[in-house]
Q: 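Quick one: the structure is below, questions incoming.
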Amino acid sequence: MNIPKQIANELQLKDEQVISAAALFAEDATVPFIARYRKEKTGGLDEEQLREVEDKLNYYSLLQDRKQTILKSIEEQGKLTDELKAKIESSIKLREIEDLYLPYKPKRKTRGTVAKAKGLEPLADLILNRPNYDEDFEAELSKYINEEKGVNSAEEALQGAKDIIAEMISEDADVRDVVRNELLDHSIVQSLKTKTKPDNKNKTDVYEIYHDFQNEITKLKPYQLLALNRGEKDGFLKVSLGFNKDELLTKISDTYFKFDDSAFMEILIEVVDDSFTRLIFPSIEREVRNYLTEIADLHAIEIFASNLRQLLLQPPIVNKIIMGIDPGFVSGSKVAVIDSTGKYLEGSTIYPHPPQKKIDAAKNYIFGLIKKHNIGLIAIGNGTASRETEIMVADLIKGNNLDCHYLIVNEAGASVYSASPVAKKEFPDLEASQRGNISIARRVLDPLAELVKIDAKSIGVGLYQHDVDQKLLRKNLDVVVDSCVNFVGVDLNTASASLLTYVSGLNPRLATNIVQHREKNGKFKSREEILEVSGIGEKSFEQSAGFLKISDGSNPLDNTFIHPESYSAAKKLFELTSVPLSNISQAGLSIKNYVDKNGSLKSAVELGIGEPTLMDIVDNLLKPGRDPREEMPKPILRSDVLKIEDVTEGMKLMGTVRNVVDFGAFVDIGVKQDALLHISQIANKYIKNPLEVINV
């Protein structure tokens with residue numbers, strides 16, 4: 001099997017692209033590094049394509065290993081034929097080779113193996129292979145009666161033969177494929193309400209719409225399946241597959257038997273029914289349910305990942321002193337002020353809401369902080385007492401004519417962060433409750449830098465995230481965070497260890513070493529100094545350097561995505577255009593004009609680099625130090641509050657998309673409850689997925 005060719009065919013890529021990507025992966029190159037700095041080698045494969053290639057390489061590597069194990073096992077049994085070997089070697093699916101291996105797989109004790117041990121296999125072969133049998137069958141059966149082996153009657157002998165045939169049918173790869181495809185294509189997924197069990201009688205039954213539910217398997221929505229799975233797990237629902245059993249039994253007979261009629265047809269019809277009911281269906285039903293769950297999991301995770309990406313890539317709000325408020329009733333509302341770099345300045349707890357109702361004292365405290373620190377923005381968490389806090393803040397701003405705005409921030413995960421080792425290390429002298437509102441404020445200042453400190457699953461932009469495959473969820477969310485961090489790049493002199501961990505070529509240990517080196521020796525003045533950090537070698541430097549930026553260092557190129565390996569080519573461009581390197585902010589247009597006039601291919605050859613690398617250099621010089629997030633939609637800032645009573649039919653409102661799900665989007669329009677924008681109302685055309693139109 002030619003794995004690169006197979007992958008290229010599946011992904012519609014060129015063979016050499018897959019071969020080059022595989023070689024780079026073998027050298028421990030990361031996806032962000034290859035996508036940005038090895039375009040010449042891969043023919044410009046982007047991150048998504050590279051991850052698909054990587055997944056396929058891992059899958060086919062696992063497939064090849066499994067094939068070798070299976071072939072060896074069957075060969076040791078002396079049952080490996082050329083035909084079987086060819087089938088296994090040519091297969092491109094794990095499921096196919098497992099089906100082929102099933103008859104040879106070491107088994108626990110079954111009715112079929114017991115019957116074989118009693119010497120009844122020849123009788124089973126007779127029933128299967130002699131359809132024109134016209135002798136005395138009762139006499140034949142009597143030959144197999146053997147009390148020493150536990151066969152006490154002709155009926156027991158016949159039943160043993162039936163058990164052997166039933167297992168043979170159930171282990172046939174073609175039969176399993178027919179049943180599997182029939183259930184996947186034509187069955188009905190149905191659910192019924194169960195009788196209340198002791199373990200669920202104290203739980204709330206929220207599955208009323210699934211109490212008597214059915215849908216064609218091909219039309220079942222992923223969120224419906226996840227709901228059915230959860231309802232079944234909670235003990236409220238019984239989920240099953242509906243199908244035409246008679247049709248399935250006929251298809252099994254047509255697939256397995258090599259004859260149209262047999263003297264034993266009555267026996268064989270009974271055996272097929274037993275094989276399907278007792279052996280095939282329970283196994284294939286589990287497979288089908290697992291397959292549907294995998295598809296639903298992947299879909300839910302893709303939506304979560306897309307939402308998370310948009311959330312992480314929200315543009316930072318720069319050059320503002322920000323106040324964060326974590327609202328609450330009995331325990332009060334926590335207030336914290338951070339400066340434009342995220343440094344904590346001061347904070348306290350106020351009690352404007354019931355039961356204390358110290359609203360005047362709370363307003364005076366907030367007003368004093370706004371004046372003292374020249375606060376331009378207030379970030380209010382969207383949890384308990386959020387609406388009441390919003391009304392108070394809006395009233396304060398309006399009543400005092402303050403040049404200040406506020407916005408509502410999704411506080412999901414703030415409590416997780418506040419109790420984490422990262423938070424304790426950042427603010428060892430503060431209580432956990434006070435750390436949470438610092439996080440709320442910092443989420444506005446720089447969402448990416450702050451949210452990477454929190455388990456992505458806790459950020460609250462998913463659907464059924466606690467029900468899906470947790471290992472797969474973690475892997476995919478880590479990929480999103482990894483992609484976002486490297487897409488934006490990080491400031492080497494301000495980035496936390498949490499943020500540095502996700503940089504290409506780095507890990508938690510190296511990230512910690514960088515921060516410790518910075519604390520001990522002061523700011524990095526150049527990218528080359530990274531090599532002085534303990535544990536950073538040539539390979540980790542190569543993979544990480546281009547994503548680590550220095551805004552005020554000795555080399556202006558260090559504040560771009562231009563990799564140090566391309567510095568000589570970049571400097572030559574400056575020489576050819578007679579523009580000093582120190583004038584990098586004005587150099588881009590001159591260099592672009594030179595390349596356009598000279599021709600990009602000719603210029604690349606002249607510089608000794610590839611054309612894609614040249615165009616990346618030019619692009620970076622046009623916008624040195626650019627933050628890619630600047631192009632994303634800005635958050636909506638408010639200075640006044642809207643009541644639900646103010647909302648009238650026909651009113652148009654600007655809102656913030658908080659979460660996108662299969663059936664629509666939840667939008668904060670400034671009233672207490674998020675509005676549901678149903679998928680049917682999102683666009684003036686049919687859309688399959690809300691993400692085609694809107695994002696968090």
Q: Would one find more than 12 heavy atoms of other residues, nucleotides or ligands at under 6.0 Å from atom OH of Tyr291?
A: no
Q: Could you measure the distance from the CG atom of Asn382 to the CG atom of Leu407? Nearest 0.5 Å is fine.
A: 10.5 Å
Q: Once side chain to side chain donor-acceptor pair (under 3.5 Å) is applied, do any residues pair with His373, and if so which ones, sequence neighbours excluded?
A: Glu346
Q: Is it the case that over 12 heavy atoms from other parts of the model lie below 6.0 angstrom from the CD atom of Glu431?
A: no
Q: Tell me whether Met654 at atom CE has more than 12 heavy atoms from other residues, nucleotides or ligands lying less than 6.0 Å away.
A: no
Q: Is Lys623 paired with Glu630 through a side-chain N to carboxylate O contact shorter than 4.0 Å?
A: no
Q: Give a yes or no on whether a salt bridge exists between Asp467 and Lys233, defined as a side-chain N under 4.0 angstrom from a carboxylate O.
A: no
Q: Any salt bridge between Lys471 and Asp297, counting N to O under 4.0 Å?
A: no
Q: If you apply the rule side-chain contact (heavy atoms from CB on, under 4.5 Å), what do you find for Lys334 with Thr349, and how did you get there?
A: CA-CA 5 Å; Lys334 312 298 177 184; Thr349 303; 3.4 Å; yes
Q: For Arg51, which residues count as a salt bridge (Lys or Arg N to Asp or Glu O under 4.0 Å) partner, sequence neighbours excluded?
A: Glu47, Asp482
Q: What residues form a salt bridge (Lys or Arg N to Asp or Glu O under 4.0 Å) with Asp205, not counting sequence neighbours?
A: none
Q: Filter on side-chain hydrogen bond (donor to acceptor under 3.5 Å, both in side chains), then keep only pairs touching residues 406-419, sequence neighbours left out; what's left?
A: Glu390-Tyr406, Tyr417-Glu426
Q: Phe213 ring centre to Lys193 NZ or CZ under 6.0 Å, with the angle to the axis within 45°?
A: no
Q: Angle between ring planes, Phe236 versus Tyr207, binned at 30° and 60°: parallel, tilted or perpendicular?
A: tilted
Q: A quick test of your reading: do over 12 heavy atoms of other residues, nucleotides or ligands sit less than 6.0 Å from NZ of Lys425?
A: no
Q: Check salt bridge (Lys or Arg N to Asp or Glu O under 4.0 Å) between Asp46 and all other residues, then give those that pass, not counting sequence neighbours.
A: none
Q: Which pairs pass salt bridge (Lys or Arg N to Asp or Glu O under 4.0 Å) with one or both residues in residues 641-662, sequence neighbours excluded?
A: Arg658-Asp668
Q: Measure the spacing between CZ of Arg474 and CG of Asp469 and express it to the nearest 0.5 Å.
A: 12.5 Å
Q: So with a 6.0 Å cut-off around CG of Asp403, is the heavy-atom count from everything else above 12?
A: no
Q: Would you find more than 12 non-hydrogen atoms of other residues, nucleotides or ligands less than 6.0 Å from Glu692 atom CD?
A: yes
Q: Validate the cation-pi geometry between Arg230 and Tyr464: distance from NZ or CZ to the six-membered ring centre under 6.0 Å, angle to the ring axis within 45°.
A: no
